[in-house]
Amino acid sequence: MAETGTETLRRSPLAHLEERMREAAVTGARGVTLAELPFLTMVNLRVDPSSETAGRIETALGAPLPRRCGDTAASGPRTILWLGPDEWLVLSPPEEAAASREPGVVALRDALGSDPGSVVDVSANRTTLELSGPSARQVLEKGCPLDLHPRAFGPGRAMSTTVGPVAVLLWQVDDAPTYRLLPRSSFADYLARWLVDAMSEFSRPEVP
C-alpha cells in the first residue's frame with residue numbers, strides 16, 4: 001500500500017548528503033565510513049534519581065538509569081544515555097515508533113504520573129551520524145577535545161562535547177571503533193561536511 005500523509009514528505013536532515021558520505025568511505029587498514037541513521041526515537045527524561053518515581057521509570061525501561069557522567073545502559077533495542085544528574089536521553093530504533101506512536105513514551109509518562117519530572121519526545125531535535133572503522137578515532141581527534149584513547153573512552157561511553165565547532169552527544173558503540181554523533185538537526189549538514197573533509201586524508205597512503 002502506498003504511503004500517505006506526512007510519511008511521503010518525511011526527509012532526514014542529511015538525505016541530500018547520502019551519496020557524498022558514501023563516496024567518502026575509505027577501505028583497508030586506514031578505513032573509515034560515515035552514514036546517517038535517521039529517524040531514531042529520542043526521548044528526553046528528567047526525574048530525581050533518588051525518588052520512587054525513578055524506580056517506576058526504571059521498571060518501564062527495563063534497565064537502571066545511569067548514575068555517572070558518561071555512563072549508558074541498554075535494554076533490548078533501547079539505550080539510555082546520561083546527560084546530567086537528573087537527565088537522560090532514551091534512544092530507540094525508528095521501527096519502535098512506527099509500530100505504534102512512541103509506545104515507550106506512553107509507558108514512561110504513565111510511570112512518571114503526576115510526580116515532578118518530564119518525559120518529552122525530542123526525536124526531531126537531532127539526527128544521528130555513525131562514524132566507523134580503524135581510522136574513526138583519528139578522524140574525531142582532529143576536532144574533538146575529549147581524550148578518546150581506549151584507556152579513557154571506550155564502548156558504552158557517551159559524552160556531550162564538540163566535534164569541529166559543532167556541539168554533539170558522542171557515543172562509542174563498539175571496539176571497531178564505531179561512534180554515533182548526535183548533533184542538532186540544524187547543524188548536521190556542517191558536521192557531516194566537516195567529517196567528510198577530515199576523512200579524506202585516510203584515502204591516501206600514510207606518510208612515514
Side-chain angles (χ1 to χ4, degrees), residues 1-28 30-44 72 77-79 81 83 89-102 104-105 120-146 148 157-174 176-204:
M1 184 172 67
E3 291 182 324
T4 59
T6 58
E7 290 302 318
T8 60
L9 302 176
R10 198 179 195 193
R11 185 174 174 85
S12 75
L14 293 174
H16 62 292
L17 291 179
E18 181 178 359
E19 183 176 353
R20 183 167 181 180
M21 290 189 288
R22 184 168 55 250
E23 291 174 348
V26 179
T27 59
R30 283 160 56 85
V32 59
T33 61
L34 179 67
E36 183 186 22
L37 303 180
F39 310 129
L40 296 186
T41 301
M42 304 185 190
V43 179
N44 184 271
T72 66
R78 291 182 186 159
T79 302
L81 311 184
L83 296 182
L89 187 67
V90 182
L91 303 178
S92 305
E95 53 266 25
E96 178 170 323
S100 174
R101 184 55 187 162
E102 325 298 355
V105 173
V120 182
D121 178 1
V122 294
S123 302
N125 194 26
R126 301 176 187 260
T127 191
T128 304
L129 281 159
E130 185 169 271
L131 184 75
S132 184
S135 296
R137 177 160 64 95
Q138 289 92 325
V139 170
L140 289 177
E141 286 174 336
K142 292 185 176 197
C144 180
L146 288 181
L148 297 177
R157 300 288 290 168
M159 299 281 287
S160 294
T161 184
T162 56
V163 174
V166 179
V168 301
L169 184 58
L170 178 65
W171 168 29
Q172 184 171 341
V173 178
D174 60 31
T178 300
Y179 300 93
R180 291 185 180 173
L181 298 84
L182 284 71
R184 305 290 183 185
S185 294
S186 56
F187 292 100
D189 177 278
Y190 188 103
L191 177 62
R193 293 176 190 275
W194 187 96
L195 290 168
V196 165
D197 182 69
M199 291 166 57
S200 63
E201 168 192 339
F202 299 94
S203 63
R204 298 184 289 274

Any ion pair linking Asp189 and Arg193 (charged N to carboxylate O, less than 4.0 Å)?
yes
Decide yes or no for Pro13 and Glu36: does some side-chain heavy atom of the first lie under 4.5 Å from some side-chain heavy atom of the second?
yes
Check Ala167 against Thr162 and note the closest heavy-atom contact, atom names and distance.
CA-CG2, 4.1 Å
Can you see which heavy atom on Arg126 is nearest to which on Ser185, and at what distance?
C-OG, 3.4 Å
Rounded distance (nearest 0.5 Å) linking atom CG of Leu89 with atom OG1 of Thr72:
11.5 Å
Keeping Gln172 on the side-chain end and Asp174 on the backbone end, is there a donor-acceptor pair under 3.5 Å?
yes
Kindly compute the distance separating CG (Leu91) from CH2 (Trp171), expressed to the nearest 0.5 Å.
5.5 Å
So, for Asn44 and Val122, which heavy atoms are closest and what is the spacing to 0.1 Å?
N-CG2, 3.9 Å
How far apart are the closest heavy atoms of Arg78 and Val90, and which atoms are they?
CD-CG1, 4.2 Å
Residue pair Met159 / Leu146, side-chain heavy-atom distance below 4.5 Å:
yes
Full working for side-chain contact (heavy atoms from CB on, under 4.5 Å) between Leu14 and Met21:
CA-CA 9 Å; Leu14 293 174; Met21 290 189 288; 4.2 Å; yes
Is a side-chain N or O of Ser135 found less than 3.5 angstrom from the main chain of Gln138, in a donor-acceptor match?
no
Please check this pair: side chain of Thr41 against backbone of Pro94, looking for a donor-acceptor N/O pair closer than 3.5 Å.
no
Rounded to the nearest 0.5 Å, what's the gap from CG on Leu17 to CD on Glu23? Could you check?
11.0 Å
Quick check for you: to the nearest 0.5 Å, what is the distance between Leu195 atom CG and Ser200 atom OG?
11.5 Å
Give me the atom names and distance for the closest heavy-atom approach of Leu131 to Ala136.
CD2-O, 3.6 Å
Go through it in stages, so that I can follow the logic: the residues are Leu170 and Leu140, the test is side-chain contact (heavy atoms from CB on, under 4.5 Å), and I'd like the CA-CA distance, side-chain angles, deciding distance and then a yes or no.
CA-CA 10 Å; Leu170 178 65; Leu140 289 177; 4.0 Å; yes
So, do Val166 and Tyr190 sit near enough that their side-chain heavy atoms are less than 4.5 Å apart?
yes
Could you tell me if the side chain of Leu34 sits less than 4.5 Å from the side chain of Val139, heavy atoms only?
no
Counting C-beta onward and ignoring hydrogens, is there a side-chain heavy-atom pair between Glu201 and Arg30 closer than 4.5 Å?
yes
Rounded to the nearest 0.5 Å, what's the gap from CG on Leu37 to CG on Leu129? Could you check?
8.0 Å
Value rounded to 0.5 Å, distance of CG in Leu40 from OG1 in Thr127
7.0 Å
